[in-house]
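For reference, the structure is listed below as structure tokens.
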Amino acid sequence: MMSDILNVPSFGMFHNSTINPLLNPVFLHGCVSLIQFLFLVFILVSLVVKRLRVDRTDVSKQSFGCLYYKQALFCCVTLSVFNLSLCFWNSFYWYKNGWNDEKIVTLLHGGLGTLVWLFVSVYLHTIVSNSSTESRKYPFVLRFWWGCFFTVSCYSLVVDYVYYKKTSSSISMFFVSDSVSSFMGLFLFFVGLSYKSEEEGRDGNLEEPLLNSGFVSNKGEISSTYDKASYYSLLTFSWMNSVIAKGNKKPLDLEDIPQLSDIDSVRKVFPVLLNKVESLSNGSTQITTFGLTKALFYIVWKDVVITGLLGLVSSLASFVGPYLIDSFVQYLNGIRAYEYQGFVLVAAFFVSKIIGCFTQRHWYFKLQQAGIRGRSAIVAMIYLKGLTISGQSKQGNSSGEIINFMAVDAERIGDYAWYMHDFWLVFVQVGIALLLLYKTLGLAVISSFIATVLVLLANYPLGNIQEKLQDDLMKSKDKRMKSTSEILRNMRILKLQGWEMKFLSKIIKLRDEEEGALKKYMYTLSMTSFIFWGAPIIVAVATFATCLFAGIPLESGKVLSALATFKILQEPIYNLPDSISVFFQTKVSLDRIATFLRLDDIDSNAINKAPHGSSETAIEIISGNFAWDSSVSSNPTLKDINIRVNHGMRVAVCGTVGSGKSSLLSCILGEVSKVSGSVKVEGTKAYVAQSPWIQSGKIEDNILFGREMDRERYEKVLEACSLKKDLEVLSFGDQTVIGERGINLSGGQKQRIQIARALYQDADIYLFDDPFSAVDAHTGSHLFKECMLQFLDSKTVIYITHQVEFLPAADLILVLRDGRITQAGKYNDILDSGSDFMELVGAHKEALSSIDSIGTTGYQAQSDSSTKNTPNTQNDKTDDISGTQGQLVQEEEREKGRVGFSVYWKYITTAYGGALAPLIVLAQVVFQVLQIGSNYWMAWASPVSASDPAPVEGSTLIIVYVALAAGSAVCILARGLLLATVAYKAATILFHKMHLSIFRSPMSFFDSTPSGRILNRVRNHLLFLFILIFLESRCSKMSRSNTLANGSKQASTDQSAVDMQIPYQVGSFVFAIIQLLGIIAVMSQCAWQVIIVFIPVAGMCIWLQQYYLPSAREMARLVGVCKGPVIQNFSETISGSTTIRSFDQQSRFQDTNLKLNDDFARPKFHAAAAMEWLGIRLDMLSSFTFVVFLIFLISIPEGTIDPSIAGLAVTYGLTLNTLQGWVVWTLTNLENKIISVERILQYSSIPSEPPLVIESNRPDDQWPSQGEVDIRHLQVRYAPHMPLVLRGLTCTFSGGKKTGIVGRTGSGKSTLIQTLFRLVEPAAGQILIDGVNISTIGLHDLRSRLSIIPQDPTMFEGTIRSNLDPLEEYTDDKIWEALDKCQLGDEVRSKEGKLDSPVTENGENWSMGQRQLVCLGRVLLKKSKVLVLDEATASVDTATDGMIQQTLNRHFNDSTVIMIAHRITSVLDSDMVLVLEQGLIEEYDSPTKLLEDKSSSFAKLVAEYSMRSSSSFENLAAT
């Protein structure tokens, strides 16, 4: 009844003089009324002054930039209406019942409150209406008032409640008013602390001009908000408001993340680290691990000192609660040392929580900041080393291993920042805990110490086991990932050969080994978790039992203090072995990186560089001896090299396969170690490698290669390189995005782009390593004429070629054999001077004899003129291309928004249909009940003071406690084992599904998806031991787990997350909820009123979490997205380091790496800050709840509640802020991590290729018996959004005949072959082999019956035997026979390992030509009825080409041979020739008939080849 509420006894201002005025509600509210009056006067004056200052003629209304303006205005209006309502009600009620001092104060308080809040509302609205500049913060006067109002309202509410309890009177109107005011004040106080940054405010008003141009850079980048933050903003992380607010409005992109401050940017940090490393190594490369550690410490030493102090204060603050619990229990029991002791205790609890909150949050953030800074700097140093490392050093470290230095070891070093203080903090924490226990329990602390040491020692055996299992797991993971990476790179050859399922079984076998170690590791983790949770129980039992036997009284306050101390001891007990393990892991990473940094660099003194024009000599080598391996100086790669090249000369280099041609160019570039002699190079260089090195990105960027666009020169380069027609065919022209390693370009297109890159640089010296091998004869002639003879007519050019026809145009020809220059001179001069050159020319002339035999020489002149009249690239437009055009390589999909519940459900039900999930939850619930029960038993069964009788005997006390504690420990063990079982099973099932889906996906998937993107799904780096335990059990290190899971192991991606993180994340969230509910239940039992406070606070926590989550989710995704470019850039740099150095582009690539590093660090840094932004606010709210709870306890009349149970509630309440934050964090991190499941499920449902075997339509064992290939109306495109490549082909390749396919680069030759093997499915039409439609049979049945020598010779890491016979189907004798047939037998016999001779990554220790011969050996073993050669002789000299042709003719004379060749001589002896042009058949007939028609394209091609094989190029060069 309202009358009861308002029936307040007379406690007027001047009554009851024994009450302290500050505890008198009437006096207090009278003072508040006075404050309200003063503020009212002030705000009226402010409004008047502001009104007078406004210039109405020049006011542009802006959108108000402050956060929650509408909500704040609503609160102010509500408070005004509420006070007005109270005034009217009081006036009406007290008018009938008389007046007194109290009623006058109440009415005055309400009336002034109405006016104050009305004018505050008007003032707030006026700011919006008349603001000529966009405000970011609320005016100081408002923020000050809201803070005072909240503080006074809370204090008044406490006084009202205390008075109500002491007088046992009805609730006063003051209590109602102050309750509403406290709740509203809390929101307004929070709003006052929040503000928008300038950038965010501007984002909300898109029409406003950018007045403050200094805030946003010219590139649209947001400058660092951390740099410009005030002290208060730094303290509360309010500088993150703008990012979080923007993330709440829209998905964050990288452009929305502010730049790093100078102290964190790698651009500033890396030079400091580099200088320090150089000073510590005395200018040499011999940096030690200790020196590298000192250099890293130098760039973060300030953070080390600050975090050490913060960690110490945080640790000290954590012990204040346990220290005060005994005093608090005694106070509740009526034993009070002085007046207001209860308030002093509450204040001490509150201050310690606040100090702990702020120091812990800044401690964690500064640790992450230091780690990010150190990681970025070390990555930049590794990258710089990758740019300068010598070829010999690179051979000892595969590209994957070097990338691991950046992706794993550098990350680990950054993560160690978390643990750098743990060694000494552990001893501080244990020491303080033992001192506290000694104060509480006396000599029983000795038992505590012994038990602590025993538990500590018990961790070591498990730690050793885990370390061994971790090593085994790491090795098996590395082995699997290495194999997976190689398979993905070469998936095309696997599918062509029909080997993909065999290699999948290889991956599955490796995964089985890994799963064995994984299973043991996860069950060991369950034991570790069991010890972690059991440690406090063991120490507690030992301590309490000692007290019992020693006669030390166990009072409830002391027991609760000891239990709280044991809980804190839990962490340092476990941390020490953990920290030791992490220390040694980090030391290993530092050793690995230091060893890498000590590797030999390219010798900068190997060549003497001089500026162009210093002399007439461009290149001079005198008595040069060079070796790739400098340690084998007795047998150098190149011997006695003496050459002199003047400016403007054209020098040709030729020789047989493996003679040292490429090595000669490398020694001019300074890539090969110089054993003796001298090398002089004058001017700038440009280099075209034999294997095209193309960067991912636009074609234009690959050609410009860092130079400014000169449109005129650019167009000339495109014309010279015959690229214009290719760009017209491509949907986006030169803006087409090139896939990884140029996957969506033909071999010829990649080579011509590489040549265009060199030409555009306008260098002085050009080095070409067999650039014409990958292009057709027509294009090769055009390139040689336009590029070599015309575009570079005034330049110094050295070119390697296997095409003898290009040699006469050279001013100097160098003939190499076995690393020596055996002949040197002009073409005619050396023709008869030695056998080596004659052998090459003889093989070439023999190939040309086939042309002479057909009688083509008679019309050379006519075809010459015909060729001149025929443009090299047709100007006719192609037919309209059907289908939507688009980029082949699409941007990686980036999920946005929440992950659907279906993903969670699919994951939970993956293992055993989800049957074990309820058991895991049940184990946790029982554990929580038993744990609370054991602590409840100790609190209840212990006397409150020594004078009180004990409720039970001491033995009963201990026995029951041990039973309950043991039960909870068993539940933890069961929970851990069940969770490990579910995690292992789910990871295994998802792994198998995803890999089967990937291996069965069509080739178009691999063409459009970079292998790095796929590896992101399947990579499985091992998480550190400590991360897993954190994720499962450590609520006390909530933020640390967050950062480690999110930041440290970005290298561990989707499969890693499913293996090791997600099961523990799901479990952690469920466990945290159960623990939180348990704490609330215990606290509510003592004072149910806390629920009134907890509900709105919980609502605010949930609102904060929902407000923070969108930003956190997107920043976590950005961290993953930005990681890829860093690794991809590094990978491309390693593979193209020779090209980069030859163009002197190291500084540009280093700058790119620094930018990518900062781009990766930006979201990582701000994600860490955002977590602390949320954490500090959650901690404040939970501390507020805890303090209100304590105030309720001290306000309850003595004897109302059992002091022991109240003390137990306080013990649990000490962890409320940590646990409340843990719940929010686990939910947030789970949402981020579950994306990995979503991505794996996505890759588990890739559209599959047609079946490998169709049982109902299997060809007979002898198929194909004839080998006839019938192509009917064939149309092909690579993707639905791509144009047609083959546009209606119809022809027949007769069985047992040889068919040559020719055409300019990009005409569709390789596409036709891919369609024959069904790597690409026809869009229309069909192909029949011996009358069987290949689209109706299984893929394995088709591909296993065909053989191919592919365009790109591929060798896998392993041995010669495994490369020739990966399916292990043939005997050694058969393999040796095949090697002899392909002319590799003697080479392999000379190796020490014979058939087991090693093959390095990508076959790098074998020349390109030797790799091609290995591919020939494969088909000789297989001997199929249909053989395809896709430019199989492009990388070998003419003599070797002739040998290959003879071998094929001899062993495949009754097979259908389909040959794509750029050498015309290779197809002249074919039975039929197919000429393709832009996806259409231009000509198809026998070579003889095509040559008879002198206007045919083939005749022109042969005539041009014949013409260029004479001295016509020499004559042209002479002109």
Side-chain angles (χ1 to χ4, degrees), residues 618-619 621 641 643-657 659-669 671 681 683 685-693 717 720-722 748 751-752 754-759 761 763-775 777 779-816 821 823-827 830 837 840-841 844 1138-1139 1142-1143 1408-1409 1434-1438 1462-1463 1508-1509 1511-1514 1516-1517:
I619 301 170
I621 303 177
I641 304 298
I643 60 174
R644 179 188 176 96
V645 179
N646 292 330
H647 289 294
M649 285 183 65
R650 272 189 301 274
V651 180
V653 182
C654 59
T656 57
V657 171
S659 60
K661 301 182 296 297
S662 297
S663 297
L664 179 62
L665 293 192
S666 295
C667 76
I668 296 173
L669 292 170
E671 297 290 322
V681 176
K685 306 179 297 294
Y687 171 64
V688 177
Q690 184 177 17
S691 297
W693 178 71
V717 167
C721 296
S722 191
Q751 192 66 277
R752 283 182 286 130
Q754 205 181 205
I755 295 171
R757 175 173 63 208
L759 264 57
Q761 297 301 305
D764 301 314
I765 300 171
Y766 286 83
L767 306 174
F768 293 89
D769 192 351
D770 197 13
F772 311 116
S773 61
V775 297
T779 307
S781 300
H782 174 83
L783 287 175
F784 190 80
K785 176 183 175 182
E786 297 294 327
C787 297
M788 298 290 190
L789 303 183
Q790 295 182 9
F791 202 95
L792 300 177
D793 60 337
S794 63
K795 303 291 185 179
T796 305
V797 180
I798 300 180
Y799 61 95
I800 294 172
T801 183
H802 287 132
Q803 282 123 317
V804 176
E805 59 269 24
F806 293 142
L807 296 178
D811 300 314
L812 175 67
I813 299 173
L814 302 176
V815 183
L816 273 78
I821 298 178
Q823 292 176 269
K826 292 183 71 68
Y827 184 86
I830 65 173
F837 189 61
L840 295 173
V841 175
H844 177 62
T1138 301
T1139 301
S1142 68
F1143 285 90
M1408 187 78 82
S1435 303
V1436 296
D1437 57 85
T1438 308
H1462 289 153
R1463 284 196 180 99
R1508 81 180 188 189
S1509 298
S1511 59
S1512 55
F1513 279 117
E1514 181 182 16
L1516 182 61

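Not measured: the values here are computed from a predicted model.
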Side-chain heavy-atom pair R757, T1139 within 4.5 angstrom cut-off: yes

Distance (rounded to the nearest 0.5 Å) between L814 CG and L664 CG: 6.5 Å

CG on L792 to CD1 on I765, rounded to 0.5 Å: 12.5 Å

Minimal heavy-atom distance between Q690 and Q751, with the atoms involved, is O-NE2, 3.5 Å

Mind listing the closest non-hydrogen atom pair of K685 and V681 along with its distance? CD-CG1, 4.0 Å

What one should report as the nearest heavy-atom pair of H647 and T796 is CA-OG1, 3.3 Å

Please test Y799 against F784 for ring pair (Phe, Tyr, Trp, His ring centres under 6.0 Å), starting from the C-alpha separation and ending with a verdict. CA-CA 10 Å; Y799 61 95; F784 190 80; 5.6 Å; yes

Sorted by chain and residue number, the side chain to side chain contact (heavy atoms under 4.5 Å, CB included) partners of S659 (sequence neighbours excluded) come out as T656, K661, L816

One should read off an interatomic distance between C721 SG and Q754 CD, to the nearest 0.5 angstrom, of 11.0 Å

I800 vs C654 side-chain heavy atoms within contact, under 4.5 Å: no

Looking only at heavy atoms, what is the nearest atom pair of L789 and A809, with distance? CD2-CB, 4.1 Å

Nearest heavy-atom pair of E671 and T1138: which atoms, and what distance? OE1-OG1, 3.5 Å

Applying side chain to side chain contact (heavy atoms under 4.5 Å, CB included) to A758 and not counting sequence neighbours gives A686, V688, Y766, F1143

Quick one: CG on D764 to CD1 on I619, what's the gap to the nearest 0.5 Å? 10.5 Å

Begin with the C-alpha distance, continue with both residues' side-chain angles, and end with the deciding distance and a verdict on side chain to side chain contact (heavy atoms under 4.5 Å, CB included) for I755 and C787. CA-CA 9 Å; I755 295 171; C787 297; 4.2 Å; yes

Find the distance between CG (L759) and CD (E786) and round it off to the nearest 0.5 Å. 10.5 Å

When rounded to the nearest 0.5 angstrom, what is the spacing between CG in D770 and OG1 in T801? 5.5 Å

Passing option when V653 is tested against I813, L767, V815, I798 for side chain to side chain contact (heavy atoms under 4.5 Å, CB included): I798

Which heavy atom of L812 sits nearest a heavy atom of A824, and at what distance? CD1-C, 4.2 Å

4.5 Å side-chain heavy-atom contact, L783 and P771: no

Report yes or no: does K785 contribute a side-chain atom to a donor-acceptor pair with the main-chain N or O of Q790 at less than 3.5 Å? no

Applying side chain to side chain contact (heavy atoms under 4.5 Å, CB included) to M788 and F768, what does each step give before you reach the verdict? CA-CA 10 Å; M788 298 290 190; F768 293 89; 3.5 Å; yes

